[in-house]
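Since we're looking at a predicted model, the values are computed, not measured. In what follows, chains are A, B, ... by sequence order, proteins preceding strands, each numbered from 1.
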Protein chains: 2
Amino acid sequence: MNREPLPFQLFTEIAIIDQLAGNAFERALPAGITRAQFTVLHHFIRRGLAEQSPAQLADAIQVTRGTMTSTLARMERSGLISVRPDPADGRAKLVALTEAGRAMRDACVAAIGPLLPLVEQSLDETELQTMLQLLQRLRQKLDNARDTAI
Amino acid sequence: MNREPLPFQLFTEIAIIDQLAGNAFERALPAGITRAQFTVLHHFIRRGLAEQSPAQLADAIQVTRGTMTSTLARMERSGLISVRPDPADGRAKLVALTEAGRAMRDACVAAIGPLLPLVEQSLDETELQTMLQLLQRLRQKLDNARDTAI
DNA sequence: GTTATATAGTTTGATATCAAATTGGAGCAA
DNA sequence: TTGCTCCAATTTGATATCAAACTATATAAC
(Lines give C-alpha, C1' and ligand atoms only; values in the text may rest on other atoms or scores of the structure.)
Protein backbone atom coordinates (compact mmCIF):
# COMPACT_ATOMS: atom_id res chain seq x y z
CA MET A 1 0.00 0.00 0.00
CA ASN A 2 2.35 2.60 1.31
CA ARG A 3 5.38 3.23 -0.89
CA GLU A 4 7.26 5.32 1.64
CA PRO A 5 10.58 3.90 2.83
CA LEU A 6 10.01 2.25 6.18
CA PRO A 7 12.38 4.55 8.09
CA PHE A 8 10.44 7.48 6.75
CA GLN A 9 7.18 5.99 7.94
CA LEU A 10 8.80 5.34 11.27
CA PHE A 11 9.74 8.96 11.77
CA THR A 12 6.31 10.04 10.64
CA GLU A 13 4.63 7.85 13.25
CA ILE A 14 7.00 9.03 15.94
CA ALA A 15 6.40 12.66 15.09
CA ILE A 16 2.63 12.23 15.23
CA ILE A 17 2.71 10.29 18.48
CA ASP A 18 4.98 12.86 20.05
CA GLN A 19 2.67 15.63 19.00
CA LEU A 20 -0.47 13.86 20.24
CA ALA A 21 1.10 12.69 23.48
CA GLY A 22 2.86 15.99 24.05
CA ASN A 23 -0.38 17.89 23.70
CA ALA A 24 -2.28 15.59 26.02
CA PHE A 25 0.63 15.80 28.41
CA GLU A 26 0.75 19.57 28.41
CA ARG A 27 -2.99 19.89 28.84
CA ALA A 28 -2.84 17.55 31.83
CA LEU A 29 -0.11 19.50 33.60
CA PRO A 30 -1.00 22.00 36.35
CA ALA A 31 -1.59 25.51 35.05
CA GLY A 32 1.49 27.61 34.59
CA ILE A 33 3.97 24.86 33.87
CA THR A 34 5.06 23.47 30.53
CA ARG A 35 6.48 20.22 29.24
CA ALA A 36 9.93 21.74 28.85
CA GLN A 37 9.92 23.01 32.41
CA PHE A 38 8.67 19.70 33.73
CA THR A 39 11.53 18.00 31.92
CA VAL A 40 14.01 20.10 33.88
CA LEU A 41 12.32 19.40 37.22
CA HIS A 42 12.11 15.71 36.41
CA HIS A 43 15.75 15.53 35.38
CA PHE A 44 16.93 16.79 38.76
CA ILE A 45 14.82 14.29 40.66
CA ARG A 46 15.41 11.28 38.44
CA ARG A 47 19.16 11.70 38.63
CA GLY A 48 19.17 12.80 42.23
CA LEU A 49 21.07 15.96 41.38
CA ALA A 50 21.71 18.84 43.73
CA GLU A 51 23.17 21.53 41.52
CA GLN A 52 23.73 21.67 37.78
CA SER A 53 25.03 24.31 35.42
CA PRO A 54 22.76 25.49 32.61
CA ALA A 55 25.22 23.92 30.17
CA GLN A 56 24.94 20.52 31.88
CA LEU A 57 21.17 20.73 31.79
CA ALA A 58 21.13 21.75 28.14
CA ASP A 59 23.42 18.86 27.21
CA ALA A 60 21.44 16.31 29.20
CA ILE A 61 18.07 17.42 27.90
CA GLN A 62 19.31 17.92 24.35
CA VAL A 63 18.41 21.52 23.74
CA THR A 64 20.67 24.43 22.91
CA ARG A 65 22.03 26.63 25.65
CA GLY A 66 19.98 29.51 24.35
CA THR A 67 16.82 27.47 24.81
CA MET A 68 17.88 26.48 28.30
CA THR A 69 18.63 30.09 29.18
CA SER A 70 15.08 31.14 28.44
CA THR A 71 13.43 28.14 30.09
CA LEU A 72 15.48 28.62 33.26
CA ALA A 73 14.68 32.33 33.34
CA ARG A 74 10.98 31.57 33.39
CA MET A 75 11.39 28.84 35.98
CA GLU A 76 13.34 31.14 38.25
CA ARG A 77 10.70 33.83 37.90
CA SER A 78 8.02 31.39 39.00
CA GLY A 79 10.14 30.14 41.89
CA LEU A 80 10.68 26.56 40.73
CA ILE A 81 14.46 26.81 40.77
CA SER A 82 17.14 28.91 42.37
CA VAL A 83 20.18 30.14 40.51
CA ARG A 84 23.48 31.33 41.93
CA PRO A 85 26.84 32.20 40.45
CA ASP A 86 29.37 29.38 40.43
CA PRO A 87 31.99 30.44 43.00
CA ALA A 88 34.59 28.37 41.14
CA ASP A 89 34.00 29.77 37.65
CA GLY A 90 33.05 33.35 36.94
CA ARG A 91 31.35 32.42 33.70
CA ALA A 92 29.10 29.75 35.10
CA LYS A 93 25.94 29.46 37.19
CA LEU A 94 24.55 26.77 39.45
CA VAL A 95 20.90 25.81 39.30
CA ALA A 96 19.04 23.94 42.04
CA LEU A 97 15.42 22.95 42.67
CA THR A 98 13.48 24.88 45.26
CA GLU A 99 10.94 23.26 47.54
CA ALA A 100 8.24 24.67 45.26
CA GLY A 101 10.00 23.02 42.33
CA ARG A 102 10.04 19.66 44.06
CA ALA A 103 6.36 19.99 44.94
CA MET A 104 5.48 21.02 41.40
CA ARG A 105 7.27 18.01 40.00
CA ASP A 106 5.24 15.72 42.26
CA ALA A 107 2.04 17.47 41.23
CA CYS A 108 2.96 16.97 37.57
CA VAL A 109 3.68 13.29 38.00
CA ALA A 110 0.32 12.87 39.69
CA ALA A 111 -1.44 14.86 36.97
CA ILE A 112 -0.14 12.76 34.12
CA GLY A 113 -0.77 9.44 35.83
CA PRO A 114 -4.22 9.08 34.28
CA LEU A 115 -2.74 9.32 30.79
CA LEU A 116 -0.55 6.27 31.14
CA PRO A 117 -3.30 3.61 30.93
CA LEU A 118 -3.86 4.77 27.35
CA VAL A 119 -0.66 3.01 26.45
CA GLU A 120 -1.58 -0.14 28.30
CA GLN A 121 -4.83 -0.26 26.40
CA SER A 122 -3.03 -0.52 23.11
CA LEU A 123 0.07 -2.53 23.99
CA ASP A 124 0.60 -5.42 26.36
CA GLU A 125 3.56 -5.63 28.69
CA THR A 126 5.72 -7.66 26.30
CA GLU A 127 5.04 -5.37 23.38
CA LEU A 128 5.86 -2.38 25.51
CA GLN A 129 9.17 -3.90 26.53
CA THR A 130 10.00 -4.77 22.94
CA MET A 131 9.16 -1.31 21.71
CA LEU A 132 11.20 0.33 24.44
CA GLN A 133 14.26 -1.74 23.60
CA LEU A 134 14.05 -0.94 19.93
CA LEU A 135 13.47 2.74 20.57
CA GLN A 136 16.43 2.89 22.92
CA ARG A 137 18.67 1.38 20.29
CA LEU A 138 17.47 3.83 17.72
CA ARG A 139 17.89 6.73 20.09
CA GLN A 140 21.45 5.76 20.89
CA LYS A 141 22.24 5.52 17.21
CA LEU A 142 20.82 8.95 16.52
CA ASP A 143 22.64 10.32 19.51
CA ASN A 144 25.99 9.04 18.28
CA ALA A 145 25.30 10.28 14.78
CA ARG A 146 24.69 13.73 16.19
CA ASP A 147 28.08 13.74 17.89
CA THR A 148 30.00 12.62 14.84
CA ALA A 149 28.95 13.93 11.48
CA ILE A 150 25.14 13.85 11.35
CA MET B 1 17.20 0.07 37.41
CA ASN B 2 14.68 2.48 36.10
CA ARG B 3 11.63 2.85 38.32
CA GLU B 4 9.60 4.94 35.88
CA PRO B 5 6.36 3.41 34.66
CA LEU B 6 6.99 1.87 31.24
CA PRO B 7 4.51 4.11 29.40
CA PHE B 8 6.32 7.10 30.82
CA GLN B 9 9.66 5.77 29.60
CA LEU B 10 8.07 5.14 26.24
CA PHE B 11 6.97 8.73 25.85
CA THR B 12 10.36 9.94 26.99
CA GLU B 13 12.12 7.89 24.32
CA ILE B 14 9.70 9.03 21.67
CA ALA B 15 10.14 12.66 22.61
CA ILE B 16 13.93 12.39 22.47
CA ILE B 17 13.93 10.54 19.17
CA ASP B 18 11.55 13.02 17.65
CA GLN B 19 13.74 15.88 18.77
CA LEU B 20 16.95 14.29 17.48
CA ALA B 21 15.42 13.13 14.21
CA GLY B 22 13.53 16.37 13.73
CA ASN B 23 16.70 18.38 14.12
CA ALA B 24 18.70 16.22 11.75
CA PHE B 25 15.77 16.36 9.37
CA GLU B 26 15.49 20.11 9.45
CA ARG B 27 19.21 20.60 9.02
CA ALA B 28 19.17 18.33 5.99
CA LEU B 29 16.35 20.20 4.27
CA PRO B 30 17.13 22.79 1.59
CA ALA B 31 17.57 26.31 2.95
CA GLY B 32 14.40 28.27 3.46
CA ILE B 33 12.05 25.38 4.11
CA THR B 34 11.02 23.87 7.42
CA ARG B 35 9.73 20.55 8.64
CA ALA B 36 6.22 21.92 9.05
CA GLN B 37 6.19 23.26 5.52
CA PHE B 38 7.56 20.02 4.12
CA THR B 39 4.78 18.16 5.90
CA VAL B 40 2.21 20.21 3.99
CA LEU B 41 3.93 19.64 0.63
CA HIS B 42 4.29 15.95 1.37
CA HIS B 43 0.66 15.59 2.39
CA PHE B 44 -0.56 16.86 -0.96
CA ILE B 45 1.64 14.48 -2.92
CA ARG B 46 1.18 11.43 -0.75
CA ARG B 47 -2.58 11.70 -0.93
CA GLY B 48 -2.64 12.87 -4.51
CA LEU B 49 -4.67 15.92 -3.60
CA ALA B 50 -5.43 18.81 -5.90
CA GLU B 51 -6.98 21.41 -3.64
CA GLN B 52 -7.55 21.43 0.09
CA SER B 53 -8.95 23.96 2.50
CA PRO B 54 -6.75 25.19 5.32
CA ALA B 55 -9.12 23.49 7.73
CA GLN B 56 -8.72 20.14 5.98
CA LEU B 57 -4.96 20.50 6.07
CA ALA B 58 -4.97 21.46 9.74
CA ASP B 59 -7.13 18.45 10.62
CA ALA B 60 -5.04 16.03 8.57
CA ILE B 61 -1.73 17.25 9.90
CA GLN B 62 -2.98 17.63 13.45
CA VAL B 63 -2.22 21.24 14.14
CA THR B 64 -4.59 24.04 15.03
CA ARG B 65 -6.05 26.24 12.34
CA GLY B 66 -4.13 29.17 13.69
CA THR B 67 -0.90 27.28 13.20
CA MET B 68 -1.92 26.31 9.68
CA THR B 69 -2.80 29.92 8.87
CA SER B 70 0.70 31.07 9.65
CA THR B 71 2.46 28.18 7.93
CA LEU B 72 0.41 28.64 4.77
CA ALA B 73 1.03 32.38 4.76
CA ARG B 74 4.77 31.77 4.71
CA MET B 75 4.47 29.09 2.06
CA GLU B 76 2.42 31.34 -0.15
CA ARG B 77 4.94 34.14 0.26
CA SER B 78 7.73 31.84 -0.88
CA GLY B 79 5.66 30.58 -3.80
CA LEU B 80 5.27 26.96 -2.74
CA ILE B 81 1.49 27.04 -2.77
CA SER B 82 -1.29 29.05 -4.33
CA VAL B 83 -4.39 30.11 -2.45
CA ARG B 84 -7.73 31.21 -3.86
CA PRO B 85 -11.12 31.89 -2.36
CA ASP B 86 -13.52 28.96 -2.39
CA PRO B 87 -16.19 29.93 -4.93
CA ALA B 88 -18.69 27.73 -3.13
CA ASP B 89 -18.16 29.09 0.37
CA GLY B 90 -17.41 32.69 1.14
CA ARG B 91 -15.62 31.78 4.37
CA ALA B 92 -13.28 29.24 2.90
CA LYS B 93 -10.11 29.11 0.83
CA LEU B 94 -8.61 26.53 -1.46
CA VAL B 95 -4.91 25.72 -1.33
CA ALA B 96 -2.96 23.98 -4.11
CA LEU B 97 0.68 23.16 -4.75
CA THR B 98 2.55 25.24 -7.30
CA GLU B 99 5.16 23.77 -9.60
CA ALA B 100 7.78 25.23 -7.30
CA GLY B 101 6.08 23.46 -4.41
CA ARG B 102 6.20 20.15 -6.19
CA ALA B 103 9.86 20.64 -7.06
CA MET B 104 10.69 21.64 -3.50
CA ARG B 105 9.03 18.53 -2.16
CA ASP B 106 11.15 16.37 -4.46
CA ALA B 107 14.28 18.22 -3.40
CA CYS B 108 13.38 17.63 0.25
CA VAL B 109 12.82 13.92 -0.26
CA ALA B 110 16.20 13.69 -1.95
CA ALA B 111 17.86 15.70 0.80
CA ILE B 112 16.66 13.49 3.62
CA GLY B 113 17.43 10.25 1.84
CA PRO B 114 20.91 9.98 3.38
CA LEU B 115 19.40 10.10 6.87
CA LEU B 116 17.35 6.96 6.44
CA PRO B 117 20.22 4.42 6.59
CA LEU B 118 20.74 5.52 10.18
CA VAL B 119 17.61 3.60 11.04
CA GLU B 120 18.66 0.54 9.11
CA GLN B 121 21.91 0.53 11.00
CA SER B 122 20.13 0.10 14.31
CA LEU B 123 17.12 -2.03 13.36
CA ASP B 124 16.71 -4.90 10.93
CA GLU B 125 13.77 -5.17 8.59
CA THR B 126 11.69 -7.34 10.92
CA GLU B 127 12.28 -5.10 13.89
CA LEU B 128 11.32 -2.09 11.84
CA GLN B 129 8.08 -3.73 10.77
CA THR B 130 7.31 -4.72 14.35
CA MET B 131 7.97 -1.26 15.64
CA LEU B 132 5.87 0.35 12.96
CA GLN B 133 2.91 -1.87 13.75
CA LEU B 134 3.08 -1.15 17.44
CA LEU B 135 3.50 2.56 16.89
CA GLN B 136 0.54 2.64 14.54
CA ARG B 137 -1.63 0.97 17.14
CA LEU B 138 -0.53 3.41 19.78
CA ARG B 139 -1.08 6.36 17.47
CA GLN B 140 -4.60 5.25 16.66
CA LYS B 141 -5.39 4.89 20.32
CA LEU B 142 -4.10 8.36 21.10
CA ASP B 143 -5.99 9.73 18.15
CA ASN B 144 -9.27 8.25 19.36
CA ALA B 145 -8.63 9.44 22.88
CA ARG B 146 -8.16 12.94 21.58
CA ASP B 147 -11.54 12.84 19.89
CA THR B 148 -13.38 11.62 22.95
CA ALA B 149 -12.36 12.91 26.32
CA ILE B 150 -8.58 12.76 26.65
C1' DG C 1 -37.11 36.96 6.99
C1' DT C 2 -34.91 37.35 11.40
C1' DT C 3 -32.39 35.30 14.84
C1' DA C 4 -29.39 31.84 16.67
C1' DT C 5 -25.84 28.74 16.17
C1' DA C 6 -22.05 26.69 13.80
C1' DT C 7 -17.98 26.91 10.90
C1' DA C 8 -13.64 29.06 8.26
C1' DG C 9 -10.08 31.69 8.89
C1' DT C 10 -7.33 35.16 11.45
C1' DT C 11 -5.22 37.41 15.28
C1' DT C 12 -3.01 37.76 19.75
C1' DG C 13 0.02 36.53 23.38
C1' DA C 14 2.70 33.08 25.40
C1' DT C 15 6.17 29.38 25.12
C1' DA C 16 9.70 26.54 22.85
C1' DT C 17 13.09 25.89 19.65
C1' DC C 18 17.17 26.68 16.59
C1' DA C 19 21.32 28.97 14.51
C1' DA C 20 24.32 32.63 14.72
C1' DA C 21 26.29 36.55 16.85
C1' DT C 22 27.81 38.61 21.25
C1' DT C 23 29.81 39.27 25.97
C1' DG C 24 32.87 38.19 29.30
C1' DG C 25 35.65 35.06 32.10
C1' DA C 26 39.24 31.05 31.99
C1' DG C 27 43.49 29.09 30.67
C1' DC C 28 47.54 28.68 28.12
C1' DA C 29 51.65 30.43 25.54
C1' DA C 30 55.20 33.36 24.50
C1' DT D 1 51.58 40.59 30.97
C1' DT D 2 49.86 40.30 26.72
C1' DG D 3 47.53 37.88 23.45
C1' DC D 4 45.08 33.89 21.72
C1' DT D 5 41.85 30.48 22.13
C1' DC D 6 38.17 28.17 24.46
C1' DC D 7 34.02 28.02 27.00
C1' DA D 8 29.47 29.71 29.73
C1' DA D 9 25.75 32.20 29.17
C1' DT D 10 22.94 35.47 26.73
C1' DT D 11 20.78 37.85 22.93
C1' DT D 12 18.59 38.19 18.46
C1' DG D 13 15.58 36.94 14.85
C1' DA D 14 13.03 33.41 12.74
C1' DT D 15 9.67 29.60 12.92
C1' DA D 16 6.28 26.58 15.11
C1' DT D 17 2.91 25.74 18.30
C1' DC D 18 -1.19 26.30 21.39
C1' DA D 19 -5.41 28.37 23.48
C1' DA D 20 -8.56 31.85 23.31
C1' DA D 21 -10.72 35.76 21.36
C1' DC D 22 -12.42 37.68 17.17
C1' DT D 23 -14.53 38.49 12.21
C1' DA D 24 -17.28 37.06 8.68
C1' DT D 25 -20.05 33.80 6.31
C1' DA D 26 -23.28 29.82 6.27
C1' DT D 27 -27.05 27.20 7.88
C1' DA D 28 -30.86 26.05 10.70
C1' DA D 29 -34.96 27.30 13.50
C1' DC D 30 -38.60 29.84 14.18
Distance check needed: C:dT15 P versus A:Leu72 CG, whole Å only. 14 Å
Rounded to whole Å, CD of B:Gln56 lies from C1' of C:dG9 at a distance of 14 Å
Starting at CD of B:Gln37, measure out to CE of B:Met75 and round the result to the nearest 0.5 Å. 5.5 Å
Got a salt bridge between A:Arg35 and A:Asp18, using NZ or NE/NH1/NH2 to carboxylate O under 4.0 Å? yes
Using five pairs at either end of the helix from C:dG1-D:dC30 to C:dA30-D:dT1, determine the angle between the two local helix axes and round it to 10 degrees. 0°
Tell me, which of residues 47-54 of chain A have any heavy atom that sits under 4.0 Å from an atom in DNA chain D? A:Ser53, A:Pro54
What is the separation between atom CD on B:Glu26 and atom C1' on D:dA16, rounded to the nearest whole Å? 9 Å
What's the shortest heavy-atom distance between B:Ile45 and B:Arg102, and which atoms? CD1-CG, 3.9 Å
A:Asp18 atom CG is separated from D:dA16 atom P, nearest whole Å, by 17 Å
Residues from residues 74-84 of chain A sitting under 4.0 Å of DNA chain D, heavy atoms only? none
Could you state the interatomic distance from CD (B:Gln129) to CG (B:Leu134), rounded to the nearest 0.5 Å? 11.5 Å
Along nucleotides 18-26 of chain D, 5' to 3', which nucleotides get a B, which get an S, and which get a -, given that the test is a protein heavy-atom distance under 4.0 Å? BS-----BS
Just wondering, more than 12 heavy atoms not from B:Gln133 lying within 6.0 Å of its CD? no
Please check if any side-chain donor atom of B:Arg65 sits under 3.5 Å from a side-chain acceptor atom of B:Thr69, or the reverse. no
Scanning both residues in full, the closest heavy-atom pair of A:Gln56 with A:Glu51 reads OE1-O, 4.5 Å
Without swapping roles, check the side chain of A:Gln19 against the backbone of B:Gln62 for a donor-acceptor pair under 3.5 Å. yes
How long is the line joining CG of B:Leu57 and P of C:dA8, in whole Å? 13 Å
Any idea which heavy atoms bring A:Ala58 and A:Thr64 closest together, and the distance? CB-O, 4.0 Å
Tell me whether the centres of the aromatic rings in B:Phe8 and A:His42 are closer together than 6.0 Å. yes
Can you tell me if A:Glu76 uses its side chain to pair, donor with acceptor, with the backbone of A:Ala73 under 3.5 Å? no
Do any of residues 32-45 of chain A sit with a heavy atom less than 4.0 Å from DNA chain C, and if so which? A:Thr34, A:Ala36, A:Gln37
Find the distance A:Leu94:CG to D:dA8:P and express it as a whole number of Å. 13 Å
Taking only distance into account, with no hydrogens and no angle test, what donor-acceptor pairs under 3.5 Å do side-chain atoms of residues 106-120 of chain B form with protein atoms, sequence neighbours excluded?
none

Looking only at atom types and distance, does a side-chain atom of B:Ser53 sit under 3.5 Å from a main-chain N or O of B:Leu94, one as donor and one as acceptor? no
